[in-house]
Amino acid sequence: MAQNTQTPARPRSVDPDRAFLRNAMAEPLLEREEEQVLAIRWRDDGDEKALHALTQAYMRLVIAIASKFRKYGLPFSDLVQEGNVGLMQAAARFEPEREVRFSTYAAWWIRSSIQDYVLRNWSIVRTGTTSSHKTLFFNLRRIRAMINDINGGEMSPENRAKTAKALRVPEKDVDAMASRLAASDRSLNAPFTEDGEGEWQDLLEDDRPAPEESVMQSHDAEKRGQWLYEAMESLTDREKLIIAERKLGEEVVTLESLGERLGISKERVRQIEHQALTKLKKSLTNRFGDPEEAGLI
């Protein structure tokens, strides 16, 4: 009797990235009411299951936005990871009471997080992360194509003015970004003279704060802490406790936990927190003007 000598087929390995994408795209979308419930459970109770359900439902949004940035040559998995960071930031900051869908709110944070990552990693030389730089980096090539300025080199004054007007940025920023995008990365060890004397890294500026600046920053931080402590004296003991646990601790205590400790509802805790923050801002404003501009809150 002849034996079957055929080698059994090996099971096909599953690409984990492809499996992740497939699973993410298969997640059902949430209705507005479902978003509200999950967001409130996460914000008020620290319910991690609610956070997981909320973010998992919108991983497809992360993938869709990340795919638009593939042309910059960065690993797609890294783009998705950075988009996920933005999604988590959106979940942390989302206010369910506002008439905005979580998906609409999260899209801004996801896109911003991915854009920051692209700007940090597209070149070994930092391109810049101001709003003007971001706008130019992600739109300059498109605008130049629209006005038929496709040589990629120095822009004419007329085209520079058109681009600045279209993107609402200064002309000098247009010039700087056009030059930056047209240039290639240069090795910091390359000599900057023909005889090989000196390297480009020798011209790098040390942007660390000077010793006297560090001392001033430390002194200012200490003073701000003292002013905040003095402003806290305008609060009741219960208000001080809630502000300390909700705003000043390393980990935020949930409204429900504080409510159980104080023997009140979590909604009442939220009301007291809002009242306390209003009193704090008023106290600081009376002493220093706008506390946000002064860097106090």
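These figures come from a predicted structure and were not determined experimentally.
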Side-chain (Glu35) to main-chain (Phe102) donor-acceptor, under 3.5 angstrom: yes
Linked, directly or transitively: Leu241 and Leu255 (ILVMFWY side chains, under 4.5 Å): yes
Spacing of Leu235 atom CG and Leu280 atom CG [to the nearest 0.5 Å]: 4.5 Å
Pairwise distance OG(Ser77) to CG(Asn84) - rounded to 0.5 angstrom: 12.5 Å
Qualifying residue for salt bridge (Lys or Arg N to Asp or Glu O under 4.0 Å) with Arg43, from Glu256, Glu95, Glu97: Glu97
ILVMFWY network linking Leu79 to Ile65, side-chain heavy atoms under 4.5 angstrom: yes
Within one Ile-Leu-Val-Met-Phe-Trp-Tyr cluster: Trp108 and Val85, side-chain cutoff 4.5 Å: no
Closest contact, heavy atoms only, Glu34 versus Leu29: OE1-O, 4.3 Å
Spacing of Ser103 atom OG and Arg32 atom CZ [to the nearest 0.5 Å]: 9.0 Å
Hydrophobic cluster membership, Val100 vs Leu54, 4.5 Å side-chain cutoff: yes
Ring geometry between Phe94 and Tyr105 (parallel below 30°, tilted from 30 to 60°, perpendicular above 60°): tilted
Connected via hydrophobic side-chain network under 4.5 Å: Leu87 and Trp42: no
Atom pair CD (Gln275) and CD1 (Ile243), whose distance is rounded to the nearest 0.5 Å: 10.5 Å
Minimum-distance pair of heavy atoms, taken over all atoms of Gly86 and Trp109: O-CB, 3.3 Å
CD1-CG distance between Ile242 and Leu277, expressed to the nearest 0.5 angstrom: 10.0 Å
Verdict with reasoning, Lys266 to Leu258, per side-chain contact (heavy atoms from CB on, under 4.5 Å): CA-CA 7 Å; Lys266 63 182 182 183; Leu258 279 172; over 6 Å; no
Atom of Thr55, atom of Ala91 and distance for their closest heavy-atom approach: CG2-CB, 4.3 Å
Ser257 side-chain N/O to Val253 backbone N/O, donor-acceptor pair under 3.5 Å: no
Derivation and outcome, side-chain contact (heavy atoms from CB on, under 4.5 Å), residues Glu233 and Lys240: CA-CA 8 Å; Glu233 292 303 308; Lys240 288 179 183 177; 3.6 Å; yes
Note: Arg270-Glu273 ion pair, threshold 4.0 Å (strictly below): no
Heavy atoms from other residues, nucleotides or ligands near CD of Glu31 exceed 12 (cutoff 6.0 Å): no
Ile264 and Ile272: CA distance, side-chain angles, deciding distance, side-chain contact (heavy atoms from CB on, under 4.5 Å) verdict: CA-CA 11 Å; Ile264 56 179; Ile272 296 173; 3.9 Å; yes
Short side-chain to backbone donor-acceptor contact, Ser113 and Ile110, under 3.5 Å: no
Closest approach of Gly46 to Thr254 (non-hydrogen atoms, all atoms of both residues): N-CG2, 3.9 Å
Test side-chain contact (heavy atoms from CB on, under 4.5 Å) applied to Ile63 and Phe76, step by step: CA-CA 9 Å; Ile63 294 168; Phe76 183 62; 4.1 Å; yes
Exercise: identify the closest heavy-atom pair between Val118 and Phe69: CG2-CD2, 4.2 Å
Side chain proximity check, Met232 to Glu239, heavy atoms < 4.5 angstrom: no
Flag side-chain contact, heavy atom, 4.5 Å: Gln271 against His274: no
Main-chain N/O of Lys49 paired to Asp47 side chain as donor or acceptor, under 3.5 Å: yes
Rounded distance (nearest 0.5 Å) linking atom CZ of Arg98 with atom OG1 of Thr104: 14.5 Å
4.5 Å side-chain heavy-atom contact, Met88 and Leu51: yes
